[in-house]
S.K.: 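Here it is: the structure, laid out below.
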Amino acid sequence: LHVVHTALNHRDDQCAADQSARLDTMNCCLFDVGSVLRGGFEMGNVWYNEPKTLDTAFDVMGDIILSTAAQQYGGFTVPEVDKILSPYAQKSYNKYYEEFLKYSDPSWEGREEKGRVYAWEKVCRDCDQGWQGIEYKLNTMVMDISHEKVVTAMNREEGMILLQAKAVILAMGCRERSRGALNIPGYRPAGIYSAGTAQRLVNMEGYMPGREVVILGSGDIGLIMARRMTLEGAKVKVVAELMPYSGGLKRNIVQCLDDYKIPLKLSHTVIDIKGKERVEGVTLAEVDENRRPIKGTEEFYSCDTLLLSVGLIPENEISGAMGVELNPVTSGPKVNERLETSIEGVFACGNVLHVHDLVDFVSEEAAAAGKNAAMYVQEGESASEQGRKIKLRPLEGVRYTVPETINPMRMDEKLTVRFRVGNVYQNCYISVYFDEERVLHRKRQIVAPGEMEEIKLSKEELLKYPNLDTITIKIEEA
């Protein structure tokens, strides 16, 4: 792990920010912890011997950082901490290996190899536990990230702070689409909530938003809240969906609506909200293929609460401001096989990249983005110039792909490509073409926009096509 600190306006090896009004303290300190650890040191009238193991090195380094940072003003950075801890990791490895050999049966087959595996796993455990002590900032809002990866953040304790990063991972998630984005006629009465807000009120705050509920939109949170409100004693009268298909998982439709006999009206939307102080009812109408209300199909539902589950918007205002190229379909960054955006060293994962239906996929992407960001820091910018780029092209029912480009030389042995379709297709095939050659033709009984699809590409297979320019993914009829 490299912790990078770049001070602005350097002059004669002194940061201009060091010229603080507080002359009794240092500012922007680049601290040499490695030299302090070697041979032992005295701190606070206590003598510290040089650590003999990795876990002890983590503890002692934490004590040094806490003590020293408290005596200075401004930024405090420990550079190249991986190199500092490397000798202590080796000492721990040797200790665990000798421990295994001492207490294991000498007659075991492959005893030395098992000892090496044991020692490695123990060192990895020490690393995992040690990194939990690394600094992180809560209640801190990132205001801006420059193209050069200077992060401007703000919190109550420190005010505005600048952090120079070598790699940045964008993981801001997404926000719910509000009523203001829907242009529904009517007043602004109490009783209109996003499904996520209602979920928090019920599950965490212990409040009931209302007793008679209409839900607009059939996203997964809306479907789950239909069941939740019913279990809490409310009457969910109807779930209305603008599209001719549900935006949620099939299992949620069955478990949250069908099991509780809650009607789902597809191709319907709210065209009016009645009530000034509190919602008194809503008017639904069927929509045509252009999503315009059809006259004569209006239907009034009395209710005191309207929940909106009408989509999620990735939080990419900061991404766009820093110059990251965005995909107009997903509203998220365009990324390559390493989840790297159009700006080198800036990675994206999770719902800020594209809206997911399962948190499992979010976790997988987060782990991959962290791994790739660490590789970028270690390898440097030159690594991104190796190999060739293959473009992924979504066609005929496939709306987008993540990633959008692949460099076979830099990808893992297996790469997962995720995508969504634009409609409900039954008895169809998911087909993949390498230029004009079809290499995958997978039968599917049904695919729907509410469920993310994926295919896996192998590095070995891609390297067999040295002149490959485009990978096309599309839906074909059976």
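Values in this document were obtained by computation on a predicted structure and should not be read as measured data. Heavy-atom basis, side chains included; hydrogens, waters and symmetry copies ignored.
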S.K.: Side chains of Leu358 and Leu249: closer than 4.5 Å at any heavy-atom pair?
M.R.: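 When only atoms from C-beta onward are counted, Leu249 and Leu358 do touch, with a gap below 4.5 Å.
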
S.K.: Does a donor on one side chain sit under 3.5 Å from an acceptor on the other, for Gln90 and Asn94?
M.R.: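 Checked: Gln90/Asn94 side chains pair up, N/O donor to acceptor below 3.5 Å.
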
S.K.: Any donor-acceptor pair under 3.5 Å linking the side-chain atoms of Asp126 with those of Tyr96?
M.R.: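 There is such a pair (donor and acceptor under 3.5 Å, judged by atom type) between the side chains of Tyr96 and Asp126.
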
S.K.: Can Thr472 and Arg393 be counted as having a side-chain donor-acceptor contact under 3.5 angstrom?
M.R.: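 On atom types as modelled, these side chains qualify, holding a pair under 3.5 Å.
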
S.K.: Side-chain donor-acceptor pair under 3.5 Å between Lys456 and Thr416, yes or no?
M.R.: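 Present: a donor and an acceptor within the cut-off.
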
S.K.: Just checking, is any N or O donor in the side chain of Arg200 or Thr197 under 3.5 Å from an acceptor N or O on the other one?
M.R.: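 No, because no side-chain N or O of Arg200 sits under 3.5 Å from a partner of the opposite role on Thr197.
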
S.K.: Looking at CD of Gln129 and CG of Asp55, how far apart are the two atoms once the value is rounded to the nearest 0.5 Å?
M.R.: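 The CG atom of Asp55 is 8.0 Å from CD of Gln129, to the nearest 0.5 Å.
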
S.K.: Once side chain to side chain contact (heavy atoms under 4.5 Å, CB included) is applied, do any residues pair with Asn336, and if so which ones, sequence neighbours excluded?
M.R.: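 In terms of side chain to side chain contact (heavy atoms under 4.5 Å, CB included), with neighbours along the sequence ignored, Asn336 is linked to Arg338, Glu340, Thr405, Arg410.
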
S.K.: Do Lys459 and Lys414 come close enough that some side-chain heavy atom pair is under 4.5 Å?
M.R.: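 No - every pair of side-chain heavy atoms lies 4.5 Å or more apart.
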
S.K.: Think Arg420 forms a cation-pi with Tyr400, using NZ or CZ under 6.0 Å from the six-ring centre and within 45 degrees of its axis?
M.R.: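 No cation-pi geometry.
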
S.K.: Quick one: does NZ or CZ of Lys474 land under 6.0 Å from the six-membered ring centre of Tyr433, within 45 degrees of the ring axis?
M.R.: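 Geometry flag: set, cation within 6.0 Å and 45°.
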
S.K.: Does a side-chain N-to-carboxylate-O contact under 4.0 Å join Asp412 and Lys371?
M.R.: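 A salt bridge links Asp412 with Lys371.
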
S.K.: Please check if any side-chain donor atom of Arg388 sits under 3.5 Å from a side-chain acceptor atom of Asn407, or the reverse.
M.R.: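 No donor-acceptor contact under 3.5 Å links the two side chains.
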
S.K.: Walk me through whether Leu440 and Ser431 qualify under side chain to side chain contact (heavy atoms under 4.5 Å, CB included).
M.R.: CA-CA 5 Å; Leu440 177 66; Ser431 298; over 6 Å; no

S.K.: Taking atom types as modelled, is there a side-chain donor on Tyr88 or Glu50 under 3.5 Å from an acceptor on the other?
M.R.: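 The answer is yes; a qualifying pair exists.
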
S.K.: Return yes if a side-chain donor-acceptor contact under 3.5 Å exists between Tyr97 and Glu112, otherwise no.
M.R.: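 Side chains of Tyr97 and Glu112: no pair found under 3.5 Å.
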
S.K.: Side chains of Glu364 and His356: do they bring a donor and an acceptor to under 3.5 Å?
M.R.: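 Judged by distance alone, the side chains do not pair up.
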
S.K.: Between Asn252 and Asp220, is there a side-chain donor-acceptor contact under 3.5 Å, judged purely by atom types and distance?
M.R.: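 Their side chains do contain a donor-acceptor pair, which is all the 3.5 Å distance test asks for.
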
